[in-house]
Participant: 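If you scroll down you'll find the structure; I have some questions about it.
Numbers restart at 1 for each chain; the letters A, B, ... are given by sequence-line order, proteins then strands. Computation of the quantities below employed the complete heavy-atom set of this structure, encompassing side-chain atoms and omitting hydrogens, waters and symmetry-equivalent molecules.
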Protein chains: 2
Amino acid sequence: MAASSVSIKDVAAEAGVSVATVSRVLNSHPSVSPASRARVVAAVEALGYRPNAVARSLRTDQTRTLGLVISDVLNPYFTELARSVEEAARALGYSVIIGNADERPELQDHHVRTLLDRRIDGLLVSPTDGGSPLMLDAVRAGTPMVFVDRWIPGVDVPVVRSDGRAAVRDLVAHLHGLGHRRLAIIAGPAATTTGSEPASRRSATPCASTASPCPTPISARATSRPPAGAAPPSASSPCPSRPRSSSPPTTSGARRPRRDPRARLRVPHDIGLAAFDDIPWFVHTDPPVTAIAQPTGDLGRAAVHALIDRIEGRTPRSVTLPARLVVRRSCGESTGGNSGRDPGRHTGRNTGEETPVRIRRSNP
Amino acid sequence: MAASSVSIKDVAAEAGVSVATVSRVLNSHPSVSPASRARVVAAVEALGYRPNAVARSLRTDQTRTLGLVISDVLNPYFTELARSVEEAARALGYSVIIGNADERPELQDHHVRTLLDRRIDGLLVSPTDGGSPLMLDAVRAGTPMVFVDRWIPGVDVPVVRSDGRAAVRDLVAHLHGLGHRRLAIIAGPAATTTGSEPASRRSATPCASTASPCPTPISARATSRPPAGAAPPSASSPCPSRPRSSSPPTTSGARRPRRDPRARLRVPHDIGLAAFDDIPWFVHTDPPVTAIAQPTGDLGRAAVHALIDRIEGRTPRSVTLPARLVVRRSCGESTGGNSGRDPGRHTGRNTGEETPVRIRRSNP
DNA sequence: CCTCCTTGTGGAATCGATTACACGGAGGAT
DNA sequence: ATCCTCCGTGTAATCGATTCCACAAGGAGG
């Protein structure tokens, strides 16, 4: 029944009214007689008519579409974020176009440009770098924009992110309780705020170490793509028995030396390990990996709401949500007798695998 | 410099030519004098002009955009597929809009409808169900479409997928060689072709069993969302010492009984396990999981090329690429003289990553 | 010197919607 | 009865591009 070439004119002809009336029915404008309305609806039905979103966008100057530029689709954290963003946007009648920057600034620019060319209503970005001229121009030109997870310092754009400091404090306490005394941090690309944030994470450490005399942690840089994270960081960090903390892809690189004939450190026996961002598979690794989990769903929702507020003229504020520590076994076996069941992951979709000790829950 | 409200008219005014000439320059039409061209280019530069893709699409009736509807973004297989699709499309000057159906037919329809409304040039689908009227209508209406991974039987649309039969034969041989004699298959939703394909995978077994006297494998159904795959399939399948094969999310559900107090089957000691689709984290699980890997990158590229062939008037054919077996340790230790390690040692919990034994490579 | 063709250019139609504006008729108030 | 509101409707302008067509200028060929 539905040829895709049906336009509003055809519907008007079929219903015996003008295109204006058809349009009014389509947009549920009040001043249409019930009779006309019925005939239009019937014609639409009969012809299988669907309004052309392109034409509509041209006229109304809005696409009801959001752009989301993330730095790495292969990273489960961003995948989950994308999912929740799309969900939240859909609930509000918006679509989402995802651009994957693959941690490459020029690809990020490509996507931003493409998205802008398509006149998306607003942009959600997790910047790969310190801000290209293009992005800066876009902000200056008044494109509604919100940063997620990462941000560009000095740019006046709301940021929706999670704060891991409390969770890091919990982690440090946890580590200390298990007897670990030397810490190292493997960080991502220095250009990103999350890559350089370990500085602040590090600074969180002393706060926690009122009770735990850990020295300032050592820190190393790593690339973040899992299979590309080639060089075993162990080579560059000569002290054993220190826990590490980083994001999952980085961690997957970091884990490699465990089997490296040159190193042969065993987790958690010789060295502890913890990750930033929790992902489903951490439950199944050997050992299950202790991680700091971000509230991905809430982050996505908050970002969408902030952006749409901005689009519709309101003035959104930045949002910071607490991350929380999920203890598993990669920093050592917990000794305390624990009643509860494994909460699995923070998404609520539990697999109920292990029984990790929960030091503290940030969201009640 | 760049106010986003710059239109072709402004450029024309600035350059002192007509909009027609500007358009010709933009589309590198031959008959423009070098002088005019230069002035237009300068004006474009000065104004920071970017053509409005929406207007252009309306006029030319093409968006240079592909839709990709996948059944689950959280599944790394689809994530990788999406990435390669976007990459291939970008290389050919197309953008991709991803729709995540979350295995829900009505969501799938929502995305297909939205994509169609935006007049995308073509659609790549990995169907969640047997085909809604909407999708069937779209095909009938002549929307360029290509199925990826899964397909809808009886619909005349090219399919790009991988054939796991050879790899399954390799797997069966591998299992048999390790002494396994009873097989079970955990399949996904029966409505999908990949969910019901185990029938054909099962049928592949006897072929392989000329040399290996395995009985027809038992098969069970599971939902495919990893944490949602709640019920431990072990309860329903009473025979131990049988390897299982399924996709990673399903597998992650299936692994649970390992720790389930009621079952306490150990992998690979009591039961072997193998998965369809290989994912990065399988290297780090306990034990590393033997899997059948699909050539995701090639699949994505092939799909894009097929679709664009179709869009540009050529007639694409279906493509089937071989999957291949990646042996790790979840079906048992391989006994072959493996260089680096002590053979026969049973540490209970295996750590780490091996050089996987590659039984056979399908792509040379 | 007068065609004829080529080349560059601008005017205007077009894509499919939305919406300002004008207009005719019904109904209420005076 | 006359006038003034509404109400429902249609005509036409508009969004920002592309492209057909007409036309002018200039060079080649007769």
Participant: Answer whether the closest heavy-atom distance between the side chains of A:H305 and A:V319 falls below 4.5 Å.
Facilitator: no
Participant: With the side chain of B:Y49 defined as its heavy atoms from C-beta on, choose the nearest nucleotide among D:dA17, C:dA20, C:dC15.
Facilitator: D:dA17
Participant: With nearest nucleotides of DNA chain C determined for A:A20 and A:K9 from heavy-atom distances, which residue corresponds to the more 5′ nucleotide?
Facilitator: A:K9
Participant: Looking only at the side chain of A:S23 (C-beta and beyond, no hydrogens), which of the listed nucleotides C:dT18, C:dT9, C:dA17 gets closest?
Facilitator: C:dT18
Participant: Whole angstrom is fine here: how far is it from CG in B:D117 over to C1' in C:dG16?
Facilitator: 13 Å
Participant: Mind checking if A:S31 touches a base, just sugar-phosphate, or nothing, with heavy atoms under 4.0 Å?
Facilitator: base
Participant: For DNA chain D, what residues of residues 10-19 of chain B have any heavy atom nearer than 4.0 Å?
Facilitator: none
Participant: Go through the side-chain N and O atoms of B:Q108 and B:D129 and say whether any donor and acceptor fall under 3.5 Å apart.
Facilitator: yes
Participant: What is the distance from atom CE of A:M135 to atom CD1 of A:I152, rounded to the nearest 0.5 Å?
Facilitator: 4.0 Å
Participant: At their closest point, which heavy atom of A:D121 faces which heavy atom of A:T63, and how far apart are they?
Facilitator: OD1-N, 2.9 Å
Participant: So, does B:N27 get its side chain near the phosphate of D:dT18, meaning an N or O under 4.0 Å from OP1 or OP2?
Facilitator: yes
Participant: What's the spacing between A:I8 CD1 and A:L47 CG if we round to 0.5 Å?
Facilitator: 12.0 Å
Participant: Kindly say whether, by distance alone, the side chain of B:R24 makes a donor-acceptor pair under 3.5 Å with the base of C:dG10?
Facilitator: yes
Participant: Given atom CG of B:N52 and atom P of D:dT14, what is their separation to the nearest angstrom?
Facilitator: 18 Å
Participant: Considering only heavy atoms from C-beta outward, does the side chain of B:P144 approach that of B:L307 to under 4.5 Å?
Facilitator: yes
Participant: Is the shortest side-chain N/O distance from A:T21 to OP1 or OP2 of D:dT9 below 4.0 Å?
Facilitator: no
Participant: Is the side chain of B:T60 donor-acceptor paired with the backbone N or O of B:R56 at a distance under 3.5 Å, no angle test?
Facilitator: yes
Participant: Among residues 55-63 of chain B, which contact DNA chain D at a heavy-atom distance under 4.0 Å?
Facilitator: B:A55, B:R56, B:L58, B:R59, B:T60
Participant: Starting from the C-alpha separation in whole Å, work towards a yes-or-no answer on side-chain hydrogen bond (donor to acceptor under 3.5 Å, both in side chains) for B:R150 and B:S71.
Facilitator: CA-CA 10 Å; B:R150 308 172 177 182; B:S71 20; 3.2 Å; yes
Participant: Rounded to whole angstroms, how far apart are CZ on A:R39 and C1' on D:dG8?
Facilitator: 14 Å
Participant: For A:R104, does its backbone N or O pair with a side-chain atom of A:D102 as donor and acceptor, under 3.5 Å?
Facilitator: no
Participant: Provide, to the nearest angstrom, the distance between the NE2 atom belonging to B:H29 and the P atom belonging to D:dT19.
Facilitator: 9 Å
Participant: Specify the angle, to 10°, made by the local axes at the two ends of the helix from C:dC1-D:dG30 to C:dT30-D:dA1 when five pairs are taken at each end.
Facilitator: 60°
Participant: Crowded around B:N27 CG? As in, over 12 foreign heavy atoms under 6.0 Å?
Facilitator: yes
Participant: Quick check: any donor-acceptor pair below 3.5 Å linking the side-chain of A:R119 to the base of D:dG16?
Facilitator: no
Participant: Does C:dG8 have its OP1 or OP2 closer than 4.0 Å to a side-chain nitrogen or oxygen of B:S36?
Facilitator: no
Participant: Let me see the working for B:R113 and A:R50 under side-chain contact (heavy atoms from CB on, under 4.5 Å), right down to the final yes or no.
Facilitator: CA-CA 9 Å; B:R113 193 171 356 249; A:R50 292 247 84 208; 3.1 Å; yes
Participant: Do B:S36 and B:R24 have side-chain atoms, one donor and one acceptor, less than 3.5 Å apart?
Facilitator: no
Participant: Would you mind reading off the distance between A:L26 atom CG and C:dG16 atom P, rounded to a whole angstrom?
Facilitator: 15 Å
